[in-house]
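Contents: one structure, followed by commentary.
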Number of protein chains: 2
Amino acid sequence: MTRHLPHTARSDARENRARILDAACTVFGEEGLSAPVREVARHAGIGPATLYRHFPTKRALIVETFAEQRRACHAVVRDALADSDPWHGFRNLVEQICELHARSRGFPDAFMTAFPEAMDFVADRERMLRAVTELARRAQRAGRLRPDFVVDDLVLMLMAHRGVQDVPPAARFLASRRFAAYVIEAFRAVPG
Amino acid sequence: MTRHLPHTARSDARENRARILDAACTVFGEEGLSAPVREVARHAGIGPATLYRHFPTKRALIVETFAEQRRACHAVVRDALADSDPWHGFRNLVEQICELHARSRGFPDAFMTAFPEAMDFVADRERMLRAVTELARRAQRAGRLRPDFVVDDLVLMLMAHRGVQDVPPAARFLASRRFAAYVIEAFRAVPG
DNA sequence: AGTCAAGCGGACGCGTGCGTCCGTTACGGT
DNA sequence: ACCGTAACGGACGCACGCGTCCGCTTGACT
């Protein structure tokens, strides 16, 4: 449904569009959504006006930029749901979502809070939350996930994970992994 | 050592200073550190220039504003250390620090990241970290805190707690408490 | 090769937020 | 009551970031 590149466009235009998205991914990934649009343009080696012709507003640029990461999220959820061991799937889900969020600085903001009204975002969100709910129900039946867990708890922890993005870049990945490990530990059902 | 109000000042000046700090506490507490200085001035019912005479820069205003909250943090750590049951003290510490951070929106940012070079801040930080280390060692000896816990883990979780500040205000306190509960659950030593 | 429209980018307008200047006000000591 | 000075506040300058305009460039079709 989302045609990515209008093949009717001129070649340089298509190339520039790709360069912009690439640059946006890097810049927003490293500096967060507060990075100025010009920075993206500079990084892509083009003028601001060109960028604004391709993406009329900063929001539009951001939405397009993180479309791929959203697909990655879908894949993670799908794989987790397909896992024969629901608790194993659940743990993988937590770890991989955290890693995705750690890998690019701006994505969690975009995904969790910044654009609640971008309609396909929330549609995705609903679908994914339902899927996680199903996965959690299975893991609870297997006695591995604590019985009082609700999906909002995962959302809460992902919101919290946004906070670790501000640790110095050198330690960010370690911090993210350690956070994920603790979250899993917290969600694990107490034996007995 | 920190004289709060120079008694030599004029009465209206002292009153205005107090009003400013009051307003800053409210505004930064509700909207975060990104709130404009004029907003604080408006809320205090004075002009911007007056505010800038009392606090030459936004940083200075913020530092003074959260001095009291820092004292509250000290008190929490002290109480936790004085608790005869170290694990009980540790849990209280986590809960109360989280509550303090939840109560005012800007404080965690100011405390954890924004001003690493404000020297008395880091001095405080060091002292508090040492105290928490001691408390953790005791709780570990009592077999209640997991043996692989290190102080940085608490710092990590407090960094993460900053992320929950962006949940809608109606649910923020609940979210903060639930987060604290999960953190404690994650830090608890596995029995056996 | 010629032509023309689509694409490009430097320069601009606008809004916002931090910090400052100077004419005016009012506190407090005599 | 008077006066000097500290305190006040509206108006200003400056910087930055988003989005736009217009003259120039260049790809693509014939």
Side-chain angles (χ1 to χ4, degrees), chain A residues 3-24 26-28 30-66 105-106 109-110 114-115 117-118, chain B residues 3-24 26-28 30-66 105-106 109-110 114-115 117-118:
Chain A
R3 64 198 176 333
H4 293 268
L5 299 179
H7 293 273
T8 66
R10 247 166 63 171
S11 65
D12 53 347
R14 269 183 296 148
E15 162 133 4
N16 273 337
R17 188 189 157 93
R19 293 167 72 111
I20 291 169
L21 283 171
D22 225 43
T26 303
V27 171
F28 289 140
E30 288 178 358
E31 304 183 31
L33 300 184
S34 60
V37 174
R38 327 290 273 229
E39 180 86 10
V40 176
R42 266 191 299 274
H43 201 275
I46 61 165
T50 303
L51 194 154
Y52 276 108
R53 191 170 316 101
H54 284 279
F55 306 95
T57 179
K58 187 175 184 176
R59 289 181 55 89
L61 172 61
I62 290 171
V63 169
E64 281 300 313
T65 301
F66 290 117
R105 189 121 185 263
D109 285 345
F115 309 122
E117 72 277 26
Chain B
R3 63 196 178 335
H4 293 267
L5 300 179
H7 293 273
T8 66
R10 247 167 62 173
S11 64
D12 54 346
R14 269 183 296 148
E15 162 133 6
N16 274 336
R17 188 188 157 92
R19 292 167 73 115
I20 291 170
L21 283 171
D22 225 43
T26 303
V27 171
F28 289 140
E30 287 177 0
E31 304 182 31
L33 299 185
S34 61
V37 174
R38 326 291 270 234
E39 181 85 10
V40 176
R42 267 191 298 275
H43 201 277
I46 60 165
T50 302
L51 193 155
Y52 277 107
R53 192 171 315 102
H54 283 280
F55 307 95
T57 179
K58 188 175 184 175
R59 288 180 57 89
L61 173 61
I62 290 170
V63 169
E64 281 300 313
T65 301
F66 289 118
R105 190 122 183 259
D109 284 345
F115 308 122
E117 72 277 26

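So that the names make sense, note that chain A is the first sequence line, chain B the second, and so on, each numbered from 1. In this text, all values refer to a predicted model and were calculated from it rather than measured experimentally.
Look at CD1 on A:I62: it is 13 Å from C1' on D:dG17, rounded to the nearest Å. In this structure, the CG atom of A:L51 is 10 Å from the P atom of C:dG9, given to the nearest Å. What separates CZ of A:R42 from C1' of D:dG17 is a distance of 11 Å, to the nearest Å. Straight-line distance from the CD atom of A:E15 to the P atom of D:dT25: 21 Å, rounded to whole Å. Rounding to whole angstrom units, CD1 of residue B:I46 and C1' of C:dT25 are separated by 15 Å. We find that CZ of A:F28 is positioned 12 Å from C1' of D:dC18, with the value rounded to whole Å. C:dG17 atom P lies 16 Å from atom CG of B:L61, rounded to whole Å. One interatomic measurement links the two molecules: CZ of B:F55 to P of C:dT20, which rounds to 15 Å at whole-angstrom precision.
Among all heavy-atom pairs drawn from A:R38 and A:P48, the shortest one is NE-CG, 3.6 Å. Heavy atoms only, all atoms of each residue included: A:L51 and A:V40 are closest at CD1-CG1, 3.9 Å.
Between B:L61 and B:F28, the closest side-chain pair of non-hydrogen atoms falls below 4.5 Å. A 4.5 Å side-chain heavy-atom check between B:L21 and B:F55 finds at least one atom pair inside the cut-off. With a 4.5 Å cut-off on side-chain heavy atoms, A:F66 and A:L33 count as touching.
A donor N or O paired with an acceptor N or O is found under 3.5 Å between the base of D:dA6 and the side-chain atoms of B:R10. At a cut-off of 3.5 angstrom, counting only N and O atoms as typed in the model, there is a donor on one side and an acceptor on the other between the side-chain of A:R38 and the base of D:dG19.
Every side chain to side chain contact (heavy atoms under 4.5 Å, CB included) that B:T26 has, sequence neighbours left out, goes to B:E30, B:H43.
Nearest-nucleotide positions on DNA chain C for A:D12 and B:A35 put A:D12 closer to the 5' end.
In this model, the phosphate group of C:dG28 is approached by a side-chain N or O of B:S11 to a distance below 4.0 Å at OP1 or OP2. The side chain of A:T50 places an N or O atom within less than 4.0 Å of a non-bridging phosphate oxygen (OP1 or OP2) of C:dG9. Remark: A:R53 is in phosphate contact with C:dC8, judged by side-chain N or O atoms under 4.0 Å from OP1 or OP2. Contact annotation: A:Y52 does not reach the phosphate of D:dT20 (side-chain N/O to OP1 or OP2, under 4.0 Å). For the pair A:H54 and C:dG7, the criterion of a side-chain N or O lying under 4.0 Å from OP1 or OP2 is not met. Proximity of A:N16 to the phosphate of C:dC8: a side-chain N or O atom is located under 4.0 Å from OP1 or OP2.
Nearest to the side-chain atoms of B:P36 among the listed nucleotides D:dA7, C:dC8, C:dG17 stands C:dG17. Of the candidate nucleotides D:dG9, D:dT5, D:dT20, D:dG9 has the atom lying nearest to any side-chain atom of B:A49.
The bend of the helix from C:dA1-D:dT30 to C:dT30-D:dA1, defined by the angle between the axes of its first five and last five pairs, stands at 10° to the nearest 10°.
Within the model, atoms OG1 of A:T65 and CZ of A:R59 stand 12.5 Å from one another, a figure rounded to the nearest 0.5 Å. Atom CZ of A:R17 is separated from atom CD1 of A:I46 by 11.5 Å, given to the nearest 0.5 angstrom.
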